[in-house]
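Order of appearance sets the numbers: ligands from 1, and atoms from 1 within every ligand.
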Amino acid sequence: MTLITRVLNGNLPLRLSTLKAARQLQCGYSSHAKYAEHKPIERIRNIGISAHIDSGKTTLTERILFYTGRIAEMHEVRGKDNVGATMDSMELERQRGITIQSAATYTVWKDVNINIIDTPGHVDFTVEVERALRVLDGAVLVLCAVGGVQSQTLTVNRQMKRYNVPCLAFINKLDRMGSNPYRVLSQMRSKLNHNAAFIQLPIGVENNCKGIVDLVQERAIYFEGEHGINLRLDEIPQDMRVESQERRQELIEHLSNADETLGELFLEEKPFTEADIKAALRRTCIKRTFTPVLVGTALKNKGVQPLLDAVVDYLPNPGEVENLAYIEQEGQEKQQIVLNPARDGKDPFMGLAFKLEAGRFGQLTYLRCYQGALRKGDNIYNARNHKKVRIARLVRLHSNQMEDVNEVFAGDIFALFGVDCASGDTFTTNPKNNMSMESIFVPEPVVSMAIKPNNTKDRDNFSKAIARFTKEDPTFHFKFDNDIKETLVSGMGELHLEIYAQRMEREYGCPVTLGKPKVAFRETLVGPCEFDYLHKKQSGGSGQYARIIGVMEPLPPSQNTLLEFVDETVGTNVPKQFVPGVEKGYREMCERGMLSGHKLSGIRFRLQDGGHHIVDSSELAFMLAAHGAVKEVFQNGAWQILEPIMLVEVTAPEEFQGAVMGHLSKRHGIITGTEGTEGWFTVYAEVPLNDMFGYASELRSSTQGKGEFTMEYSRYSPCLPDVQEQIVRQYQESQGLGQPEKKKKKN
Ligand code: GDP
């Protein structure tokens with residue numbers, strides 16, 4: 001019985017012929033919900049659901065999967081049934097109730113295939129968010145009707161802007177005490193700068209939450225029956241007619257400002273049809289000039305089906321989004337190619353691996369197909385290393401269940417088994433075209449911590465965990481520091497590393513201890529410095545002889561996280577076979593600077609000349625010569641320390657502006673801009689990460705808990721002289737040295 005109701009009311013247009021319904025039922029719901037492999041492009045949506053933690057993203061996803069008939073039962077997040085939400089496949093997430101890792105799942109709503117790419121919400125997981133956003137065509141921004149625009153909302157909003165992702169807003173939790181969707185809308189305008197307006201209104205909030213008014217179609221929708229699966233359409237309640245008229249007018253005004261066609265009708269005072277408004281909503285939403293705002297409560301099963309309608313009606317299909325690939329050849333300018341989204345399989349296949357996951361099915365690689373088609377048995381090539389991969393199995397995922405498919409087309413999201421690659425890699429069927437998709441922006445890790453398994457017997461599991469995490473997450477790094485005999489992990493923030501530590505314990509039975517967080521400073525040269533170094537050793541055995549001459553110089557500030565090595569030698573003074581030894585020696589030395597023990601970066605090593613000995617020269621000798629040369633430059637050159645600078649965005653009520661600005665400048669922040677509307681202000685600043693520890697609690701106490709901030713890595717920049725001096729002093733003391741050698745020499 002439930003099945004009949006669901007098919008009739010949940011998943012198909014309300015009026016359905018009896019014959020069709022009977023056929024659906026005979027097939028059973030699994031075949032009803034079967035993902036058609038070759039849908040026309042208009043019938044595909046790739047969407048993400050983004051939100052501040054606890055806004056109800058997981059619950060909403062769960063409801064979406066339920067109403068679309070993909071799962072038979074609903075599980076409450078942190079519910080009594082101990083099953084956990086289907087999307088949260090990791091145990092830790094289940095415990096915390098937050099979603100950390102992306103997973104892709106699909107479903108079908110009104111004959112449209114919807115791929116839902118689950119985006120993680122925390123600021124420390126920006127790479128995962130960015131990777132996921134890269135493959136989306138549209139998104140649902142979930143906001144809590146009580147909390148409104150929160151710190152994470154600001155971050156995901158900025159990311160959607162960066163990747164130009166059109167979005168719908170869904171104000172969830174109407175049923176909560178203190179819920180106020182009107183305030184949330186005004187925050188969306190003031191804090192997020194969205195041209196937004198309601199396309200729905202709540203019929204009652206808090207305990208009185210009955211249903212919603214659809215402002216476009218001018219009707220009321222009630223969610224009845226078990227889990228609200230029956231939609232009952234009715235007239236707008238008497239006491240809401242005036243308000244609905246006003247809000248509809250407001251919607252039309254906002255839309256007219258953003259849409260020429262509707263704007264003309266508006267100016268000519270012509271009547272609007274429902275179709276006019278819908279078309280304008282679609283055009284402006286795709287262009288990101290207007291954000292439709294929907295309301296509901298996922299937990300109380302209200303508003304989810306109309307949200308799905310809006311996803312289909314207003315978010316773009318893969319053919320409405322431009323995707324580019326690049327052709328890069330040495331010495332030539334990067335060429336841009338617009339990929340063909342047609343689902344006819346005529347163009348060569350292009351796909352981007354956006355997520356690797358080692359789970360219970362083995363190693364899975366999630367890809368999005370951007371062009372052409374891919375069939376079982378095809379061969380594809382990794383554009384980065386030209387490795388060939390044969391496609392033995394193609395699968396699609398519904399949470400943690402898997403379904404085999406025979407072929408995929410442009411716009412589809414799918415997964416492959418056992419492919420050795422990194423996330424961000426491009427795959428293509430034509431290895432010669434040298435095309436690769438835009439590579440994903442991967443920030444450098446900015447914080448590191450010492451890590452140690454609590455029990456030595458867990459060493460094996462520890463290594464397995466590290467191997468998996470570093471492969472899945474390019475911002476998570478690991479190294480053993482031979483000098484201090486410590487293992488270090490580095491990443492995008494304290495929480496980032498703490499989550500991995502907890503996953504090691506939970507998933508690998510390997511409890512670990514983390515040390516204090518350390519900022520990843522860098523050392524670089526202030527100006528060019530020449531070297532001429534001779535490495536000569538003759539005592540016992542075969543001798544060693546290598547001489548190298550050249551210059552080490554700083555790279556431009558935009559490249560200050562890179563290292564370069566250039567061989568400019570002519571002739572045979574430095575035999576070509578020994579050049580790699582020089583580069584190796586140079587790069588080894590860059591691992592640990594002599595000023596503060598941090599890595600060197602932003603340096604070019606130009607090998608210009610040198611000398612060798614017919615018997616005593618070897619690659620090893622040249623490597624040691626490079627060590628000596630870098631030491632020489634350390635002594636003779638002028639060095640400085642670089643530190644990570646973060647983009648900080650603080651939003652708070654106006655009365656706290658003075659205090660917030662004061663605190664930011666005390667932390668050596670440079671204010672880059674301010675904005676303010678409707679009683680709130682937002683300040684943008686660049687602040688050294690080293691000065692940001694403890695900022696969350698300072699902001700809380702100075703704004704009565706109302707201020708929020710987000711922080712994102714921006715670049716490396718030279719430290720202030722006193723900070724540099726302090727870092728150098730601490731390092732020298734920790735090494736048991738009084739003063740830096742260099743200073744002694746000068747004195
Ligand atoms: P996520 O962190 O954004 O994925 O949020 P969850 O879906 O895990 O929800 C966080 C908490 O809010 C859970 O306890 C949910 O039961 C609860 N929640 C989700 N949606 C609603 C809603 O519409 N109303 C109320 N009152 N609670 C909700």
Side-chain angles (χ1 to χ4, degrees), residues 47-67 71 73-103 105 116-125 128-129 132 139-157 159-160 167-181 184 200 202-212 221 223 227-228 293-308 399 495 499 708:
I47 64 158
I49 301 179
S50 291
H52 182 86
I53 285 169
D54 263 7
S55 307
K57 187 177 80 173
T58 313
T59 312
L60 178 67
T61 311
E62 192 69 11
R63 295 310 190 259
I64 289 177
L65 297 179
F66 170 73
Y67 292 119
I71 52 173
E73 300 160 58
M74 268 188 283
H75 307 296
E76 302 301 333
V77 175
R78 296 192 206 106
K80 287 179 238 81
D81 58 6
N82 211 18
V83 183
T86 312
M87 286 290 276
D88 270 343
S89 50
M90 292 191 314
E91 204 200 323
L92 175 69
E93 288 177 32
R94 230 169 264 165
Q95 267 218 346
R96 294 192 154 206
I98 58 169
T99 311
I100 298 159
Q101 271 200 323
S102 345
T105 192
I116 302 171
I117 294 121
D118 190 25
T119 55
H122 198 275
V123 70
D124 283 296
F125 299 93
E128 288 203 58
V129 181
V140 176
L141 180 63
V142 183
L143 296 121
C144 169
V146 181
V149 171
Q150 290 163 286
S151 57
Q152 224 34 51
T153 327
L154 295 169
T155 308
V156 292
N157 183 58
Q159 286 161 338
M160 283 186 198
C167 71
L168 302 171
F170 180 71
I171 302 180
N172 188 33
K173 302 201 186 183
L174 285 183
D175 61 307
R176 267 188 66 188
M177 281 294 288
S179 120
N180 185 347
V184 183
Q200 295 171 348
I203 306 178
V205 291
E206 302 182 345
N207 284 338
N208 196 25
C209 182
K210 295 196 197 86
I212 58 172
I221 307 175
F223 305 85
H227 303 308
V293 181
L294 297 93
V295 295
T297 150
L299 190 70
K300 300 285 158 65
N301 306 311
K302 291 186 172 63
V304 180
Q305 300 96 321
L307 173 65
L308 282 163
S399 188
L495 184 67
I499 293 267
E708 276 150 12

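Contact annotation: for Asp175 versus ligand 1, heavy atoms closer than 4.0 Å belong to the side chain alone.
Ligand 1 has no N or O atom lying under 3.5 Å from any N or O atom of Ala51, backbone or side chain. The shortest N or O to N or O distance between Ala298 and ligand 1 is under 3.5 Å. Of the N or O atoms in Leu60, none lie within a sub-3.5 Å distance of an N or O in ligand 1. Annotation: Arg176 places no N or O atom under 3.5 Å from an N or O atom of ligand 1; distance criterion only. Residue-to-ligand polar distances place Asp54 within reach of ligand 1: an N/O pair is separated by less than 3.5 Å.
In this structure, the separation between CD1 on Ile47 and CG on Leu308 is 7.5 Å, given to the nearest 0.5 Å. Note: Leu294 CG to Leu168 CG = 6.0 Å, rounded to the nearest 0.5 Å. Thr153 OG1 to Glu708 CD: the interatomic distance, rounded to the nearest 0.5 Å, is 7.0 Å. The CD1 atom of Ile116 sits 5.0 Å away from the CD1 atom of Ile64 when rounded to the nearest 0.5 Å. Atom-to-atom distance recorded for Lys302:NZ and Leu174:CG is 9.5 Å, nearest 0.5 angstrom. Rounded to the nearest 0.5 angstrom, Lys173 NZ and Leu299 CG are separated by 8.5 Å.
Under a 4.0 Å criterion applied to the non-hydrogen atoms of Thr59, ligand 1 contributes the atoms 6 (P), 7 (O), 9 (O), 15 (C), 19 (C).
Which of Leu174, Thr297, Thr61 comes nearest to atom 23 (O) of ligand 1 through a heavy atom is settled by distance: it is Thr297. Taking only non-hydrogen atoms, the option from Asn172, Thr58, Val146 nearest to atom 20 (N) of ligand 1 is Asn172.
Side chain of Asn172 to main chain of Ser55: a donor-acceptor pair is present (N/O by atom type, distance under 3.5 Å, no hydrogens or angles).
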